[in-house]
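Scope of the values below: all heavy atoms of this structure, side chains included, with no hydrogens, waters or symmetry mates. Remember, it's a predicted structure, so these values are computed and weren't measured experimentally.
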Amino acid sequence: MSHTNLSSTKSNQSCDIYSEKCKAPNWLQTCFPCFGPPLSLFSNVNGKLNISPQFKSQAGKEIVHRNDTFGGLLHDPLEEDITSILHTKIDLIPDDEYKELMNITSPFHINVETLIHVMQVMENSIKMGLDPTTQHKSDLKMIPTYVTTIATKREEGDILALDLGGTNFRTLLVKIRPQHDPVVISEAHIVPDSKKQNSQELFRFISDVLKLFMIRNKLDLNKKFILGFTFSFPCQQLALNRANFLYPTKGWGLQDLIDHDVVEKLQECLNEKQLNVRVTALINDTVGTLIACGYKVPSCKVGIILGTGTNACYFEDISKIQTITDTTVLPLEATQMIINTEWGALGDSGCLDFVVNEFDREVDKVSNNPGKQIFEKLIAGMYMGRLAAEVLAVLMNHGIILKAQRGHQESYRQYSPFWVLYNLQTSHISEIELDTGKTFANTRTVMNKLGLPQASDADCAIISYTCRLISRRAAMLTAAAIAVLMKRLRGSNKVCIGIDGSLYRYHPRFNMIIQRHLKTLAPVLLDYELHISSDGSGIGAAIVAITADQERQKLKKIALKPTVAC
């Protein structure tokens, strides 16, 4: 049986794949499952959470260098010819269905030319975002962070830190000693949905949790503590400890916080709870990732989060940042500053319409923020499972998968597997991608978990192919965006890139695909390495807090130093 291979053709027109709208019920539309390994992959040993080793990145390395070869686990013929995963079941997929499958999924096949176009769009948005006359037109706001240096490793102190991300909230005590790795005591907490809407309720909740954390760890409540706050939402930074909230993401509310100083609001609640704690620095998780990685590797110049959401930051020359309104808050010797790109918003203006397809638009339409965070919706863990479900639902509607128990006259909307598909999570995709393309044992396991034991071998092959195609596009787009930031680091011979986030850590092929395409897209003469940044959000906030406090103390001593008359 011969199959027409349409995988190499890129359709410039959006095919009419929505003959019937594949839309989940209201309660599912607002429920985007967050990325994270399933609970069954966790074990609790001596109070510590351990992750099954099978969910470590397939690259298998904490550090990846540019000149690394793709031997061993990094060699993946399936990534090189993604349609080959279907050829193992070639006799089970009829020729007409194969062609229709290729047509429906063709919008996810992108090539190097498409990636270069994405890079050009992003480079233009960066330039516009750094210029106050064009910043309002740019998708990337290129927010100054007022963090100008990494740690010297001479810092010393016990610092509190708060890490508020998209899913969890953590309290930390970070003990920093000169020339030693930080010692971290941390606790994780779930933020109730009821606390995600109003800022005062949120910060009161955080203050209560922090106070209990300090009591449990026998900290002297009368002693003064400084605190670094990782706040993983877009803010307009005015100083290291002043930041106005711009807009909510990740399904949160907080409308009352817009245009208000986040640090001031938190400090008010800490004072209300009579905590002797002063917030000295506010950063986002990308800055924390960069700073924590830079504590170990001074050449770290880029920080990236690839998890529930996504964002990136990098060191930019201060001379190129024309949006800084008050240079008096900067150290005199500062020449560079970390810029928070908020790259998840790339495409909000329509500049990525050439890569956004009908499935992406459906996911955007039912999200909590339609028309916003377009790039994030193309690559982040919060949306990947839903995106795969949209594609699979259309494949099912066209009679290509999960048709064994469906009557010919039965509407696909009345067919129970249609609704089950919307329980697909990004963690399931990671599990599916562990398959080698022969037995599809993991794909079948996931289908059983979802209540679809009737999935045939051909179904599993097509489902595995679809998930891999969506993941590959996401990783390719990520590589293109990273390469753009690398090009901004002119004059650097060697650069470390710190990366954190559940998608990067636990997706078995994401890391590898990024590496493969960076070899093509990254600046030719730049020697780079990718580091997994351990606990960057918490440690980074503490390091920034203590360096900011020590800088403040230094300036105070200079101001108090008596002048000698001539």
J.: Between Ser533 (side chain) and Thr289 (backbone), is there a donor-acceptor pair under 3.5 Å?
T.: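 Checked: pair present.
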J.: Considering all heavy atoms of both residues, which atom of Val287 and which atom of Asn284 are nearest to each other, and what is their separation?
T.: N-OD1, 3.0 Å
J.: Between Asp457 and Arg444, is the closest basic N to carboxylate O distance under 4.0 Å?
T.: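 Looking at Arg444 and Asp457, the cut-off is met.
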J.: What distance separates Ser456 OG from Phe440 CZ, expressed to the nearest 0.5 Å?
T.: 10.5 Å
J.: Measure the CE-NZ distance between Met486 and Lys301 for me, rounded to the nearest 0.5 Å.
T.: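 Spacing of CE (Met486) from NZ (Lys301) equals 14.0 Å.
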J.: Of all the heavy-atom pairs spanning Leu450 and Val420, show the shortest one and how long it is.
T.: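 So the two residues come closest at O-CG1, 2.6 Å.
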J.: In Å, rounded to the nearest 0.5 Å, how long is the span from CE of Met396 to CG of Asp459?
T.: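 Interatomic distance, Met396 CE to Asp459 CG, rounded to 0.5 Å: 11.0 Å.
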J.: Using the test salt bridge (Lys or Arg N to Asp or Glu O under 4.0 Å), find all partners of Arg170 that sit at least two apart in sequence or belong to another chain.
T.: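 Once residues adjacent in sequence are excluded, the partners of Arg170 under the salt bridge (Lys or Arg N to Asp or Glu O under 4.0 Å) criterion are Asp163, Asp535.
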J.: Checking side chain to side chain contact (heavy atoms under 4.5 Å, CB included) against Ile304, which of Thr341, Ile514, Thr286, Ile497 comes through?
T.: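 Among Thr341, Ile514, Thr286, Ile497, the one that satisfies the side chain to side chain contact (heavy atoms under 4.5 Å, CB included) with Ile304 is Ile497.
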J.: What distance do Ile104 atom CD1 and Lys99 atom NZ have between them, rounded to the nearest 0.5 Å?
T.: 14.5 Å
J.: Could you tell me whether the side chains of Asn448 and Thr445 share a donor-acceptor contact shorter than 3.5 Å?
T.: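 Checked: Asn448/Thr445 side chains show no N/O donor-acceptor pair below 3.5 Å.
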J.: Salt bridge check: are Asp193 and Lys196 linked by an N-O gap of less than 4.0 Å?
T.: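 Yes.
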J.: Under 30°, 30 to 60°, or over 60°: which ring-plane class applies to Phe354 and His117, parallel, tilted or perpendicular?
T.: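 Parallel: the ring planes of Phe354 and His117 meet at under 30°.
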J.: Nearest 0.5 angstrom please: His109 NE2 to Thr114 OG1, how far?
T.: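 So the NE2 of His109 and the OG1 of Thr114 are separated by 12.0 Å.
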J.: Is there a donor-acceptor pair under 3.5 Å between the side chain of Asn340 and the backbone N or O of Ile143?
T.: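 Side chain of Asn340 to backbone of Ile143: no pair is present.
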J.: Decide yes or no on side-chain contact (heavy atoms from CB on, under 4.5 Å) for Leu202 and Val191, but give the supporting numbers first.
T.: CA-CA 8 Å; Leu202 173 65; Val191 181; 4.0 Å; yes
J.: Apply side chain to side chain donor-acceptor pair (under 3.5 Å) to the pair Asp435 and Ser464, showing each step before the final yes or no.
T.: CA-CA 8 Å; Asp435 278 332; Ser464 180; 4.8 Å; no
J.: For side-chain contact (heavy atoms from CB on, under 4.5 Å), just list the numbers for Ile470 and Phe359, CA-CA rounded to whole Å, side-chain angles, deciding distance to a tenth of an Å, and then say yes or no.
T.: CA-CA 11 Å; Ile470 290 169; Phe359 298 106; over 6 Å; no
J.: Hey, does Met119 have a side-chain heavy atom less than 4.5 Å from the side chain of Met122?
T.: no
J.: Looking at every non-hydrogen atom in both residues, tell me the closest pair between Asp139 and Gly347 and how far apart they are.
T.: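 Answer, listing the atom of Asp139 first, then Gly347: OD2-N, 2.8 Å.
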J.: Return yes if some donor-acceptor pair links the side-chain N/O of Asn311 with the main-chain N/O of Trp343 below 3.5 Å, else return no.
T.: yes
J.: Is there a donor-acceptor contact under 3.5 Å from the side chain of Thr478 to the main chain of Ala474?
T.: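 Checking the backbone N and O of Ala474 against the side chain of Thr478, a donor-acceptor pair under 3.5 Å is found.
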J.: For a quick test of reading the model, state the closest non-hydrogen atom pair linking Val363 to Arg386 and the distance between them.
T.: CG2-CG, 4.0 Å
J.: Minimum heavy-atom separation for Gly498 to Cys293, with atom names?
T.: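 That closest heavy-atom pairing would be CA-SG, 3.9 Å.
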J.: Is any side-chain heavy atom of Ile532 less than 4.5 Å from a side-chain heavy atom of Ile499?
T.: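 The answer is no, as the side chains (C-beta and beyond) never meet within the 4.5 Å cut-off.
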J.: Does Lys372 offer a backbone N or O that forms a donor-acceptor pair with the side chain of Lys377 under 3.5 Å?
T.: yes
J.: For Asn511 and Tyr504, indicate whether the former's side chain and the latter's backbone hold a donor-acceptor pair under 3.5 Å.
T.: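 No; judged by distance alone, with no hydrogens or angles, the pair does not exist.
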J.: In terms of the angle between their ring planes, are Phe245 and Phe233 parallel, tilted or perpendicular, with boundaries placed at 30° and 60°?
T.: perpendicular
J.: If you define the side chain from C-beta out and look only at heavy atoms, does anything of Leu485 sit under 4.5 Å from Ile126?
T.: yes
J.: Going by the rule salt bridge (Lys or Arg N to Asp or Glu O under 4.0 Å), which residues pair with Glu100 if we only count those two or more places apart in sequence or in a different chain?
T.: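 With neighbours one apart ignored, the set is empty.
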J.: If we only count heavy atoms from C-beta on, is the Pro370 to Ser367 side-chain gap below 4.5 Å?
T.: yes
J.: Heavy atoms, side chains only, cut-off 4.5 Å: are Leu140 and Phe375 in contact?
T.: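 They are not in side-chain contact.
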J.: Does Thr310 offer a backbone N or O that forms a donor-acceptor pair with the side chain of Glu376 under 3.5 Å?
T.: yes
J.: Between SG of Cys467 and CZ of Arg472, what distance do you get to the nearest 0.5 Å?
T.: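 Result: 14.0 Å between the selected atoms.
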J.: Do Ser471 side-chain atoms and Arg468 backbone N/O form a donor-acceptor pair below 3.5 Å?
T.: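 A pair under 3.5 Å: no.
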J.: Going through the distances and angles, do Gln515 and Leu518 end up as a side-chain contact (heavy atoms from CB on, under 4.5 Å)?
T.: CA-CA 5 Å; Gln515 294 172 45; Leu518 278 181; 5.8 Å; no
J.: Return the minimal non-hydrogen interatomic distance between Gly399 and Glu97, and the atom names on each side.
T.: O-OE2, 3.8 Å
J.: Checking Ser138 side chain against Lys141 main chain: does a donor-acceptor pair fall under 3.5 Å?
T.: no
J.: Can Thr426 and Tyr506 be said to form a side-chain contact (heavy atoms from CB on, under 4.5 Å), step by step?
T.: CA-CA 10 Å; Thr426 308; Tyr506 304 130; over 6 Å; no
J.: Do Asp348 side-chain atoms and Ile374 backbone N/O form a donor-acceptor pair below 3.5 Å?
T.: yes
